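By convention here, the first residue in the shown sequence is residue 1. This one's a predicted model, so the numbers in the text were calculated from it and none came from an experiment.
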Amino acid sequence: MYDNDNVFAKILRGQIPCKEVYSDDTVLAFYDVAPRAKVHVLVIPRGEYTDIFDFTQNAPADFQIAFWKGVRKTVETLGVRDNFRTVANTGRGSGQSVMHFHVHIMSDDRFREEF
């Protein structure tokens, strides 16, 4: 069940500020407050989805397409097209600390060495 008092819901409502990277009618992308890479941005849908399963099962198809386009536009805005990874943790056991579906975009020079 979705919690309307989670931190991302509050960010979407403007109750908590964020350092915005990209925004449109479908997504809001902003810098993570506890970055784990040189560039660490979160992309969240403007909707009440707890995780990737909830999102893919319940969001309309056109909304899902628009979300992934927003992820791409965020990557382009950041200028990391050839050097980034995306992560979508699902469930508390995976490290998902906010139960609002979100994608991490991370980029760091060290990623080139790992692949």
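Side-chain contact between Asp54 and Asp51: present, with at least one pair of heavy atoms (C-beta onward) separated by less than 4.5 Å. Between Arg13 and Asn4 there is a side-chain heavy-atom pair separated by less than 4.5 Å. Side-chain contact check for Phe84 versus Val39: every heavy-atom pair is 4.5 Å or farther apart.
One hydrophobic cluster, built from ILVMFWY side chains closer than 4.5 Å, holds both Trp68 and Phe63. Residue Leu42 is not grouped with residue Val27 when hydrophobic side chains (ILVMFWY) are merged at heavy-atom distances under 4.5 angstrom, including chains of intermediate members. Tracing side-chain contacts under 4.5 Å through hydrophobic residues (I, L, V, M, F, W, Y), one never reaches Ile11 starting from Tyr49; they form parts of separate clusters. Clustering ILVMFWY residues whenever any of their side-chain heavy atoms sit less than 4.5 angstrom apart, transitively, puts Phe53 in the very cluster that holds Val71. Using a 4.5 Å cut-off between side-chain heavy atoms of Ile, Leu, Val, Met, Phe, Trp and Tyr, with links allowed through other members, Phe8 and Phe55 fall into different hydrophobic clusters.
Nearest approach of Val103 to Ala88, heavy atoms of both residues: CG2-CB, 4.5 Å. Listed here is the closest heavy atom pair of Gln64 and Ala59: NE2-O, 2.8 Å. Contact record, Ser107 with Ala37: O-CB, 3.8 Å, taken as the closest heavy-atom pair. When all heavy atoms are compared, the tightest approach of Ala34 to His40 is O-ND1, 4.2 Å. When all heavy atoms of Thr26 and Phe67 are compared, the pair lying nearest together is CG2-N, 3.6 Å.
The CZ atom of Phe30 sits 10.5 Å away from the OG1 atom of Thr74 when rounded to the nearest 0.5 Å. In this structure, Asp3 CG and Glu48 CD are separated by 10.0 Å, a value rounded to the nearest 0.5 Å. Note that CG of Asp108 and CZ of Arg85 are 9.0 Å apart. Values are rounded to the nearest 0.5 Å. Annotation: the span from Ile105 atom CD1 to Leu78 atom CG amounts to 6.0 Å, rounded to 0.5 Å. In this structure, Gln57 CD and Ile52 CD1 are separated by 12.5 Å, a value rounded to the nearest 0.5 Å.
Screening Asn6, Val7, Leu28 for a side-chain contact (heavy atoms from CB on, under 4.5 Å) involving Leu12 leaves a single residue, Leu28.
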Report, one line per pair, each donor and acceptor closer than 3.5 Å where one atom sits in a side chain of residues 94-102; sequence neighbours left out.
residue: Ser94; atom: OG; partner: Thr90; partner atom: N; Å: 2.9
residue: Ser94; atom: OG; partner: Thr90; partner atom: O; Å: 3.1
residue: Ser94; atom: OG; partner: Gly91; partner atom: O; Å: 2.7
residue: Gln96; atom: OE1; partner: Gly91; partner atom: N; Å: 2.8
residue: Gln96; atom: NE2; partner: Thr50; partner atom: O; Å: 2.8
residue: Gln96; atom: NE2; partner: Val98; partner atom: O; Å: 3.0
residue: His100; atom: ND1; partner: Tyr2; partner atom: OH; Å: 2.5
residue: His100; atom: NE2; partner: Pro45; partner atom: O; Å: 3.0
residue: His100; atom: NE2; partner: Gly47; partner atom: O; Å: 3.4
residue: His102; atom: ND1; partner: His100; partner atom: O; Å: 2.7
residue: His102; atom: NE2; partner: His104; partner atom: NE2; Å: 3.4

